[in-house]
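Hydrogens, waters and symmetry mates are skipped; everything else that's a heavy atom, side chains included, is used.
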Amino acid sequence: MSILVREAKKEDAAFIAQMVLQSTRAGKAIGMFDLIFDINDDKEILSLLEAFVATSVKHQYHYSNFLIAQIDSQDVGTLCSYEPRVATRQNFIDALAEINVTQNVESTLKIFDECDFNLTNRVLMFDCMEELEGFVDLDVLKTLMQKTLLKARMKGYSVAQTIVEIGSLDTLLFYKKLGFKEVKEVECELYKEYLGRLGLILLKIEF
C-alpha cells in the first residue's frame with residue numbers, strides 16, 4: 001500500500017471541511033462549528049465550512065495549512081499545522097465574517113478562552129489529525145506526521161504542540177504513539193456545560 005502525502009489545494013475544501021467537522025466534534029454530538037453556525041443540518045454546516053476553509057483571510061483551518069494523505073488516489077486523511085502569530089483569533093473572526101457568519105462567534109470563543117493555555121505566538125500548532133470515518137491506519141497518520149515535521153523544520157521549528165479534549169482517548173493515544181507527551185491539563189466549566197467534556201489537554205513533541 002502506497003501512501004501519498006501532498007499539500008492541500010483550494011479544490012480540496014470539501015474534504016478538508018469534512019475532516020474539520022470530524023475533528024472539532026471529536027466523537028461528540030456537537031463541536032465548535034455546530035455552536036458557531038447554530039445549524040442542525042450537517043449538509044449546511046459542511047457547506048459553510050467548505051467556504052470557510054477557502055476564505056481570502058488566512059486562519060487556523062485555512063486549506064493552505066493542511067497536508068492530505070491519499071491511498072490509490074483516494075483522500076483518506078489530513079493533518080493541519082499553523083503558526084498562531086499568523087493564524088490569529090482576529091483572522092478567525094474575520095474569515096467567518098467573510099462568509100457572513102457573525103452571530104455566535106464571540107460567545108463560542110469565550111467557551112474556549114476559559115481553557116486557554118497562554119501559548120506563545122512562536123509555537124507551531126498541530127490540529128485536525130484525522131482519517132476517514134471507518135478508516136484506521138496508523139501508517140497514514142505517521143506519514144502525515146513525518147511530512148508535517150519536515151515542513152516544520154524548514155520553517156525553523158524544533159517543538160510543536162497540539163490540544164485534545166479530555167476524554168478523546170483515541171486521539172490522545174494516536175498522538176502519544178507518534179511521540180507527543182502531555183504538558184498540561186485544564187478543566188473548564190463552560191466547556192463541560194456546552195460540549196460535554198471536562199476540558200483540554202496540551203501535548204508537545206520535540207524534533
>> As a quick check of understanding, evaluate side chain to side chain contact (heavy atoms under 4.5 Å, CB included) for L96 and F37, giving each step before the final call.
In response: CA-CA 10 Å; L96 286 167; F37 298 147; 4.0 Å; yes
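- Nearest heavy-atom pair across I201 and F117 is C-CZ, 4.0 Å.
- Proximity of L46 to L21: side-chain heavy atoms (C-beta onward) are separated by under 4.5 Å at one or more points.
- Side-chain contact between F15 and V20 is absent, with no heavy atoms from C-beta onward closer than 4.5 Å.
- One distance of note links CD of E130 with OG1 of T171; it measures 6.0 Å at 0.5 Å rounding.
- The neighbour count for N104 CG, taken as heavy atoms of other residues, nucleotides or ligands under 6.0 Å away, is above 12.
- For Q90, the CD atom sits in a packed shell: over 12 heavy atoms of surrounding residues, nucleotides or ligands are nearer than 6.0 Å.
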> Checking side chain to side chain contact (heavy atoms under 4.5 Å, CB included) for the pair L195/F112: CA distance, chi angles, key distance, verdict?
Replying inline: CA-CA 10 Å; L195 294 166; F112 292 84; 4.0 Å; yes
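- Criterion: ILVMFWY side-chain heavy atoms under 4.5 Å apart, direct or through other members. Under it, L173 and M129 are not part of a common hydrophobic cluster.
- Under the 3.5 Å distance criterion, the side-chain polar atoms of R197 are matched with a main-chain donor or acceptor of A26.
- Taking all atoms of both residues into account, the shortest heavy-atom contact from M125 to P84 is CG-CG, 3.7 Å.
- Although no hydrogens or angles enter the test, the distance criterion places a donor-acceptor pair under 3.5 Å between the side chain of T162 and the main chain of F126.
- Residues V123 and V159 are not in side-chain contact: their nearest non-hydrogen atoms beyond the backbone lie 4.5 Å or more apart.
- Contact between S64 and H62 at its shortest, heavy atoms only, is OG-ND1, 2.7 Å.
- In this structure, a donor-acceptor pair under 3.5 Å is absent between the side chains of Y63 and E11.
- Salt-bridge formation is not detected for the pair K181/E206: no Lys NZ or Arg NE/NH1/NH2 atom is positioned less than 4.0 Å from an Asp or Glu carboxylate oxygen.
- Expressed to the nearest 0.5 Å, how far OG1 of T24 lies from CE of M19 amounts to 11.0 Å.
- Between R89 and D116, no side-chain nitrogen of the basic residue sits less than 4.0 Å from a carboxylate oxygen of the acidic one, so the salt-bridge criterion is not met.
- Residue D12 holds its CG atom at 10.5 Å from CD of E50, rounded to the nearest 0.5 Å.
- Here the options are D75, N65, V53, the test is side chain to side chain contact (heavy atoms under 4.5 Å, CB included), and the partner is I16; only V53 passes.
- I3 and L150 sit in two unconnected hydrophobic clusters of ILVMFWY residues. Membership requires side-chain heavy atoms under 4.5 Å apart, directly or through other members.
- Between K204 and E182 no salt bridge is recorded (no basic side-chain N to carboxylate O distance below 4.0 Å).
- Here F52 and H59 bring their ring centres to under 6.0 angstrom of each other.
- A salt bridge does not link D34 with K28: none of the charged nitrogens is closer than 4.0 Å to a carboxylate oxygen.
- No donor-acceptor pair under 3.5 Å is formed between the side chain of S168 and the backbone N or O of V164.
- Between L203 and L172, the closest heavy-atom pair is CD2-CD1, 3.6 Å.
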> Can you check side chain to side chain contact (heavy atoms under 4.5 Å, CB included) on E106 and I93, steps first, answer last?
Replying inline: CA-CA 8 Å; E106 289 289 356; I93 294 169; 3.4 Å; yes
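- Residue V86 comes nearest to N91 through the heavy atom pair O-ND2, 3.0 Å, listed as atom of the first residue, atom of the second, then distance.
- D127 has its side chain within reach of Y82: a pair of non-hydrogen atoms, C-beta onward, lies under 4.5 Å apart.
- The closest donor-acceptor contact from the side chain of T78 to the backbone of C128 lies under 3.5 Å.
- At least one side-chain heavy atom of L119 sits under 4.5 Å from a side-chain heavy atom of Q161.
- Counting non-hydrogen atoms of other residues, nucleotides and ligands closer than 6.0 Å to CD of Q103 gives a total of 12 or fewer.
- Of all the heavy atoms in A51 and I99, the pair that sits closest is CB-CG2, 3.7 Å.
- Linking ILVMFWY side-chain heavy atoms closer than 4.5 Å, directly or via other members, places L169 and Y175 in two distinct hydrophobic clusters.
- For the atom pair M145 CE and L79 CG, the distance stands at 5.0 Å (nearest 0.5 Å).
- For the pair S56/E98, a side-chain contact is recorded, criterion being any heavy-atom separation below 4.5 Å from C-beta on.
- Remark: the backbone N or O of L190 is paired with a side-chain donor or acceptor of E114 at under 3.5 angstrom.
- For Y61 and F33, the ring centers are positioned less than 6.0 Å apart.
- D41 CG: more than 12 foreign heavy atoms inside a 6.0 Å radius.
- Taking OG1 from T88 and CZ from F92, the interatomic distance works out to 11.0 Å, rounded to the nearest 0.5 Å.
- Salt-bridge formation is not detected for the pair K58/D94: no Lys NZ or Arg NE/NH1/NH2 atom is positioned less than 4.0 Å from an Asp or Glu carboxylate oxygen.
- The number of heavy atoms from other shown groups lying within 6.0 Å of OH (Y194) does not exceed 12.
- Hydrophobic clustering (side-chain heavy atoms under 4.5 Å, transitive across Ile, Leu, Val, Met, Phe, Trp, Tyr) keeps L109 apart from V57.
- Between E185 and E187, some side-chain heavy-atom pair lies under the 4.5 Å cut-off.
- A donor-acceptor distance shorter than 3.5 angstrom exists from the side chain of T143 to the backbone of D139, with no hydrogens or angles considered.
- Side-chain contact between L200 and I166 is absent, with no heavy atoms from C-beta onward closer than 4.5 Å.
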>> Run the side chain to side chain contact (heavy atoms under 4.5 Å, CB included) test on Q74 and D72 for me, step by step, so that the C-alpha distance in whole Å, both residues' side-chain angles and the decisive distance to 0.1 Å come before the verdict.
In response: CA-CA 5 Å; Q74 179 188 4; D72 297 330; 5.6 Å; no
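- Judged by distance alone, with hydrogens and angles left aside, the side-chain atoms of T148 form a donor-acceptor pair with the main-chain N or O of L144 at under 3.5 Å.
- Judged purely by atom type and a 3.5 angstrom limit, Q60 has no side-chain atom pairing as donor or acceptor with the backbone of S81.
- Y157 and L178 fall within a single hydrophobic cluster, where Ile, Leu, Val, Met, Phe, Trp and Tyr are joined by side-chain heavy atoms under 4.5 Å apart, directly or via other members.
- Atom CD of E131 sits about 12.5 Å away from atom OG of S23, to the nearest 0.5 Å.
- For E83 and R85, the salt-bridge test passes: some basic side-chain N is under 4.0 Å from an acidic carboxylate O.
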